[in-house]
A.B. asks: 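Pasting a structure below so you can have a look.
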Amino acid sequence: MVKIGIIGGSGVYGVFEPRKTVKVHTPYGRPSAPVEIGEIGGVEVAFIPRHGKNHEFPPHEVPYRANIWALKELGVERVIGITAVGSLREEYKPGDIVITDQFIDFTKKRDYTFYNGPRVAHVSMADPFCPEMRKIFYETAKELGFPVHEKGTYVCIEGPRFSTRAESFMFRQFAHIIGMTLVPEVNLARELGMCYANIATVTDYDVWAEKPVDAQEVLKVMAENNYKVQELLKRAVPRIPEERHCGCADVLKSMFV
Ligand SMILES: CSC[C@H]1O[C@H](OP(=O)(O)O)[C@H](O)[C@@H]1O
Ligand SMILES: Nc1ncnc2[nH]cnc12
């Protein structure tokens, strides 16, 4: 069984040489791409490029439910989501890594749940990210000498457009970073009792700063910083204990009505 799943974001395609590729069909359709199975530091890992093999799914059309379901079906218990984010604060600089600890949802029309009835669930999202994986990623990034923030609140917008200046000024009152894909990936993982950690790479200052953000810049900076994500995964993934001690799956005991 593959216990660790990685969902790669903009500019992150292939974090290892796949040993095999699996086509998975789910009740929610196909995932963004066939799931690649390979190894990182001797640990078996499954990988899905969130936007598809050729970046064909925009953030609001990513098949989030199929991606999470497919990983669950393969045995994954821990999901690592890699994202490119804009910065809402001076001190979160392009090239920095953020081990996100909270999010605020400004998306508008996605499939947020596996439980649309007759089974109804209200999942707790007070602490959305796995504390065990967050600690490992933060400590490993520091050890590698990468600029890393132990915490950060990610505001997730619907996209695919970037924010207006007025929106950006509003968002920076209460969040540190901004992106378009964390929701509903993180809450869907939790609904299936999986751990989720977010490794965000800052690619730009959002438009509260002088120069408007553009997609080419995001992809260019992400490509330049991709090696940090690769190194971090290589060193951190083998440190993730096989058995979970985090309590992320405990929500399942109390979420059903
Ligand atoms: C290419 S610019 C905007 C795009 O980049 C981020 O993608 P991801 O989170 O998958 O790395 C952002 O959320 C937008 O989808
Ligand atoms: N400034 C930004 N706004 C939204 N999503 C992003 N992804 C990367 N940079 C972004």
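Remember, it's 1-based here, ligands and their atoms both numbered in the order they're listed.
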A.B. asks: Take atom NZ in Lys211; do more than 12 heavy atoms of anything else shown fall under 6.0 Å from it?
C.D. replies: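 Atom NZ in Lys211 is packed in, count exceeds 12.
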A.B. asks: Specify side chain, backbone, both or neither for Val218, according to which of its non-hydrogen atoms lie closer than 4.0 Å to ligand 1.
C.D. replies: side chain
A.B. asks: Distance under 4.0 Å to a non-hydrogen atom of His51: what atoms of ligand 1 satisfy this?
C.D. replies: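 Taking each heavy atom of His51 in turn, ligand 1 has 7 (O), 8 (P), 10 (O), 15 (O) under 4.0 Å.
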A.B. asks: Whether Lys3 and Glu242 form a salt bridge (side-chain N of Lys/Arg under 4.0 Å from carboxylate O of Asp/Glu) is what I want to check.
C.D. replies: yes
A.B. asks: For the 3.5 Å polar cut-off, considering only N or O atoms, please tell me whether Ala84 and ligand 1 meet it.
C.D. replies: yes
A.B. asks: Classify the ring geometry of Trp208 against Tyr205: parallel below 30°, tilted from 30° to 60°, perpendicular beyond 60°.
C.D. replies: perpendicular
A.B. asks: Which residue and non-hydrogen atom of the protein lie closest to atom 9 (O) of ligand 1, and at what distance in Å?
C.D. replies: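 Result for atom 9 (O) of ligand 1: Thr181 OG1, 2.6 Å.
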A.B. asks: Just one of Arg172, His176, Met170 clears the side-chain contact (heavy atoms from CB on, under 4.5 Å) bar with Phe174, so which one?
C.D. replies: Met170
A.B. asks: Give every pair formed by an N or O atom of ligand 2 and a protein N or O atom closer than 3.5 Å, one pair per line with both atom names and the distance to 0.1 Å, or write none.
C.D. replies:
unit_1	atom_1	unit_2	atom_2	d
ligand 2	1 (N)	Asp204	OD2	2.9
ligand 2	1 (N)	Asp206	OD1	2.8
ligand 2	7 (N)	Ala84	O	3.3
ligand 2	9 (N)	Gly86	N	3.2
ligand 2	9 (N)	Asp204	OD1	2.7

A.B. asks: For ligand 1, note which part of Met222 has a heavy atom under 4.0 Å away: side chain, backbone, both or neither.
C.D. replies: neither
A.B. asks: Does this structure show an ion pair linking Glu36 with Lys20, if we count only N-O contacts that are shorter than 4.0 Å?
C.D. replies: no
A.B. asks: Students should be able to answer this: which protein heavy-atom is nearest to atom 7 (O) of ligand 1, and at what distance?
C.D. replies: Ser10 OG, 2.8 Å
A.B. asks: Are Glu191 and Lys72 within salt-bridge range, i.e. N to O under 4.0 Å?
C.D. replies: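 Judged by the 4.0 Å cut-off on N to carboxylate O distance, Glu191 and Lys72 do not form a salt bridge.
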A.B. asks: With a 4.0 Å cut-off, would you call Glu185 and Arg50 a salt bridge?
C.D. replies: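 So Glu185 pairs with Arg50 through a salt bridge.
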A.B. asks: Considering only protein heavy atoms, which is closest to atom 15 (O) of ligand 1, and at what distance to one decimal place?
C.D. replies: Pro59 CG, 3.5 Å
A.B. asks: Show which atoms of ligand 1 fall inside a sub-4.0 Å distance from at least one heavy-atom site of Gly179.
C.D. replies: 13 (O)
A.B. asks: With a 6.0 Å cut-off on ring centres, are Phe114 and Tyr28 close enough?
C.D. replies: yes
A.B. asks: For the 3.5 Å polar cut-off, considering only N or O atoms, please tell me whether Met180 and ligand 1 meet it.
C.D. replies: yes
A.B. asks: Around Arg30, counting heavy atoms of other residues, nucleotides and ligands shown, do more than 12 lie under 6.0 Å from its CZ?
C.D. replies: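 Incorrect, the count does not exceed 12.
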A.B. asks: Pairs of nitrogen or oxygen atoms closer than 3.5 Å, one from Thr83 and one from ligand 1: do any exist?
C.D. replies: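 So ligand 1 has no N or O lying under 3.5 Å from an N or O of Thr83.
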A.B. asks: Are any of the N/O atoms in His55 less than 3.5 Å from those in ligand 1?
C.D. replies: no
A.B. asks: Evaluate whether atom CG of Asp250 has more than 12 neighbouring non-hydrogen atoms of other residues, nucleotides or ligands under 6.0 angstrom away.
C.D. replies: yes
A.B. asks: Could you walk me through whether Glu132 and His245 pass the side-chain hydrogen bond (donor to acceptor under 3.5 Å, both in side chains) test, one step at a time?
C.D. replies: CA-CA 7 Å; Glu132 201 170 22; His245 310 98; 2.8 Å; yes
A.B. asks: Hey, which atoms in ligand 1 end up nearer than 4.0 Å to a heavy atom of Gly9?
C.D. replies: 10 (O), 11 (O)
A.B. asks: Has Arg190 got its NZ or CZ under 6.0 Å from the middle of the six-membered ring of Tyr196, at an angle within 45 degrees of the ring axis?
C.D. replies: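 No, cation not above the ring by the 6.0 Å, 45° rule.
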